[in-house]
Structure formats: C-alpha cells, structure tokens
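Order of listing sets the numbers, starting from 1, for every ligand and every atom in it.
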Amino acid sequence: MPDPLRFLLAALLLAFAAPAAMARSAPAPATGMVSAADSRAAAAGTEMLRAGGSATDAALATMFALTVVEPQSSGIGGGGFLVHGTANGQVAVFDGRETAPAAATPDWWLVNGQPMPFGEAHPGGKSVGVPGAVALAAAAHRRFGRLPWARLFAPAIRLAQAGFRVTPRLYRALDTSRETGALSPAARRLFYTAAGEPVAVGTRVRNPALAAFFTRLARQGPAAFYTGPNRAALVAAVAQAPHNPAPLTAADVTGYAAIAREPVCGTYRQWRLCGMGPPSSGATTVFAVLKQLERFDLTALGPNSPTAWHLIAESMRLAYADRDRYLGDPAFVTVPVQGLTDPAYLAARSALIDPGKTISLVTAGIPPGAQTLSRAAAPTAEEHGTSHFVAVDRRGEVVSYTNTIEGAFGSGLMVNGYYLNNELTDFDFVPERQGRPAANAVAGGKRPRSSMAPTLVYGADGALRLAVGAAGGSTIPAQVAKAIIGVLDWHLSAQAAIALPVLFAPGDTLYVERGSALEPMIPALQALGHAAVQPRVMPLKANAVERIAGQLAGAADPRSEGVALVP
Ligand code: GLU
C-alpha cells in the first residue's frame, strides 16, 4: 500500500498521546477480569461477570460498549477475531472478518492502472466490507454465552442514552480527522460543534441513534443488523456515498456469515500457543517469530541486550516475508498453515539467523504444502483503529478478542450511530506482480488479510498463562510476540512486558519505538549489520490478562487509556 501517509496519520494520532493513565491491576483471586482499551467498556464486561455471565458474555458486552465510547477504533460496524479457551484448555476461534461485495474485482483499487492513494481510498463507500462483528457475536454467544442476548447490550445502551465523556484520545482522533474531511455529515454532527471544532475533552456526548439501534438489536437478535432497515441504511450509505460510492448490495449484507475455524496452535519451549489463522496473518506470524527464536537463550540475554533485539528483528524479517507471500483468505488462496508452523520448517528458517550479523537478503521460504503460485504481497502499513480486549470468568474460561473498523473512524460513514469500517483497504492495492496473482488481491466475497493476533498461552500444566493481543495494523504480531517473550523469557509481568519498547522489522528497515530504550541501541544494531534503523512513533495498544499461581493480573498498554478491572 502506498502508505507513508497511513504511517504518518497513525504516528500523528499517537504523537499527541499524553502518557496514559496507568492501567493495570494487582494480582487478584481468579474471580474474573476484563482488560480493555477503555474503562467504561471494561466495566461493561465486569458487569456481565457479576451477573454470572461467561467470559464470552463479558467480551461481547465490552465490544458493544466500545462501539459507543471508542468509536474511532472498533465496534459493530467492523469485524474481528475471537479466540475462546475453556477451563481445560480447549480452544475455539471465530472469524468475523468483513467481506468484499460480490461485485468486487481484483482491480478494485486501481485507477488507470495505478493504485489509488490511501487518502483517497479509505473514506467513503469503496473501502467498506460487510461488517462481521454482530454475526460473530451471535455465533460466539450461541456456543459460549450464559446470559440472555439482550442483557449484553444493557451497558452500551445506557452509555449511548445517558452519554459518555470524550477522552483525550478520542479528542485527538477527532482533531486529526477534522483535517482529512473524511467524516460523513452524520458522523460530524455527533462529535463536532457547528463551527467544525471537535467537542472538548470531558464533553458528554449522547448517541440516541445508536441507543435505539442497540435496543432493536437486543430485542430482535442479529437479523436486525443483516436484514430490514439497518441493512437498507447500510447499503444506501455505501452505494450513495458522496465519495467512492460502491456496489454493495442487500444480498451481500444478508449473505454474511461468521465462521468457526480451527485455531492455529503450536508449542514454544514448554508453552502452548493458540491464535487466529487465515484470513489473519496473526497466529502464523507470531508463532514463526517465536519458534525461530527457540534455539537462542533469550532469558540469558535479557531485554537490555542489543543481541536479543537483533535476534528478534531477524526472526521477524523471516516471518514477515512468509506472511507477505502466503497469507490471504483461505477460501480463495491455498495458505500452507501447517507448513508455515511446521517445527522442522521453522528450524530451517531459524538456521538462517546469525547472532553476530544480519541476513543480507531475506526472502520467503517454501514451507511444506506451499504452491508455487503463491507470491509475495506488498507489505501493507495499516493505521491505528482497533481494540483488543480480554475477559476471564470465574469458571476459568477466557476470551481474547480483537475487533476493528481498520482506520480511525473507519470509512467515515455512519449508520444508526456507528461507524462503518474501511477494511477493504487491507487488501493488496496491486492485484498482481510479475504476472502472478497476489494472495491478498481483492475478490468478491473475499476477506482481506488481517494482522490481528488474539492469542492464548498455556503452561505445561495445561493452565492458562497469558491472554494477549494488540491494535496497530501490521505491527500487531511484533507487539504480541514481544509481550510473550517479555512474560515467558524475561519473566516480566504482563504489564511490564507490554510496556517494553517495540521493535518492528517487516522488511530490511528496522523501526524502533521513538524515545524508548531501543533508541540508544541503534549504533549496536547498526554494528550488527542493520543498515536502516529508524526511530518511529508507532501505533501501539496492547491488552492482556495473565494468570500467576492461580491469581489473575491484568495489563493495559501505558501508551493507551486502557485498564484491567475485576468484577
Ligand atoms: N485492519 C487491521 C488488521 O486487521 C488492523 C488495523 C489496526 O490495528 O490499526 O490487521
């Protein structure tokens, strides 16, 4: 994707981020916990736990509340992936990723043979995929819910009806989006003054349209989203968008289905990791980064060692090369998941890593089961606009769930008080290179490749050790792998592991978090052969819950407004 602009926008949103209110919780007896990017959304989750709800009930109530209070990042106008673990470690995953309209073709993002600039592509109708969040919620609730469906909406309806206060983070997102002019009139009316200024931090904003729609959804079930007036409004918003109108149809909306998939699981040292496979690149990428590092003694090196970060960078370069080449919607391309997570294949990839120097040319490998037709997809730089949250209930069930509308305020189109995503910009803009189709090329009904990586980590005793995930586009697997290394190899608390700086190496350039402890390591990394190491403000926002000696401890990114709450 042509996206210095996206990176810049994400950087801008974060550059003004004040050091966040600290968001953590002391270890608590395992009666349950919810960690989320917003305290009111986390409280919606703990309300479900207090009412006897399951982790799934809590996570879904959190998602509905986030639609109200964190509208820039996530909500029912988007999609996501939910990873569920039972108390005895059985893992199920739900794919609620958006789909492209049936009429979409591989040249969707081409104008006169050239990729559309991102700033043109994300606002308006063409970037909108059929939202999967409500279908996912219904599927997960049918299987793992304990409370009535309608109960899950109560906190979100209250927040939308009574109003919620604008946080500094929402304000900054509104301020940045004002410049781009990407928000629809309905979206502007809610959050901007008549003079076009974002409402001030602390202003109470009511969203009666969303309260009314949630009330219908609570009473009528998911059909209220995928049929009837909401469907008509959604189709009209996209098809009649003033900018980039697109041929989304009623049949596209009604035809949407969330998919229960097999989790992608593997072992890293004595731990078992499970996460979300294709169409997400999350689990395979996180797993490859870790597995390729297994032969190194990261514990002995520790987080202050440039060699440790060099090894992480090298492993990431290898993993992202495979990600870019092979990952896409498995209904459209053959993704060799088994091969990509095969210990022997990853050991061979790991053998390319040298602690004393960089790999001069990193290319994708050929994992078992790979079809030679698969080809490299251009690395995309997704912008900030996602939320990860974790819920654990007193029965020991856990949900690790990442939900997104893709960029800040998604497409900028609003229907019934919620924002529609711009997820279709996660497809490759150029459908082929050197005559070969891209794994992540646009197609009708296809799900765009994601980076979201909701993850569960189990100890050798079979008990949950960590549930973690992040927002931040293609940096997500880097954030999640780093948090896991922090907890498992560096024996940090989940909170300290999330707070560690991030190194992101999607290709030959290494990005290190600006102003962090990694910046002084740049000369050492350069001495190891990394020619391009750049300090960057990156869109980072992770949430986690860990279990230590039978107690739960929450973690939320100190760069965010997140919290972890007990019921
Ligand atoms: N749309 C992105 C993905 O699914 C996430 C965007 C973000 O985290 O900012 O990978």
Notebook entry, point to check: Which word best sums up how the rings of Phe409 and Phe191 line up, parallel for under 30°, tilted for 30 to 60°, or perpendicular for over 60°?
Noted result: tilted

Notebook entry, point to check: Knowing that exactly one of Thr167, Val563, Val68 qualifies, which makes a side-chain contact (heavy atoms from CB on, under 4.5 Å) with Arg40?
Noted result: Thr167

Check: For ligand 1, is there an atom lying under 4.0 Å from some heavy atom of Pro539?
Finding: no

Margin query: Strictly by salt bridge (Lys or Arg N to Asp or Glu O under 4.0 Å), give each pair with a member in residues 408-423 just once, sequence neighbours left out.
Written below: Arg97-Glu423

Next item on the list: Please confirm whether Ala471 comes within less than 3.5 Å of ligand 1 when only nitrogen or oxygen atoms on both sides are compared.
Entry: no

Check: Going by the angle between their ring planes, with limits at 30° and 60°, are Phe225 and Phe213 parallel, tilted or perpendicular?
Finding: tilted

Next item on the list: Using the salt bridge (Lys or Arg N to Asp or Glu O under 4.0 Å) rule, take Glu70 and Lys541 through it: C-alpha gap first, then chi angles, then the decisive distance, then the call.
Entry: CA-CA 13 Å; Glu70 203 201 25; Lys541 192 175 76 172; 2.6 Å; yes

Checklist line | With Thr284 via side-chain hydrogen bond (donor to acceptor under 3.5 Å, both in side chains) - residues at least two apart | finding: none

Next item on the list: Tell me which part of Arg97 gets within contact of ligand 1: side chain, backbone, both or neither, using heavy atoms under 4.0 Å.
Entry: side chain

Next item on the list: Measure Glu423 to ligand 1 on non-hydrogen atoms and call it side chain, backbone, both or neither using the 4.0 Å cut-off.
Entry: side chain

Margin query: Using a plain distance cutoff, I'd like to know if Ile476 has any nitrogen or oxygen under 3.5 Å from a nitrogen or oxygen of ligand 1.
Written below: no

Check: Does any N/O atom on Asp426 come nearer than 3.5 Å to any N/O atom on ligand 1?
Finding: yes

Checklist line | ligand 1 atoms in contact with Thr386 (distance to a heavy atom under 4.0 Å) | finding: 5 (C), 6 (C), 7 (C), 8 (O), 9 (O)

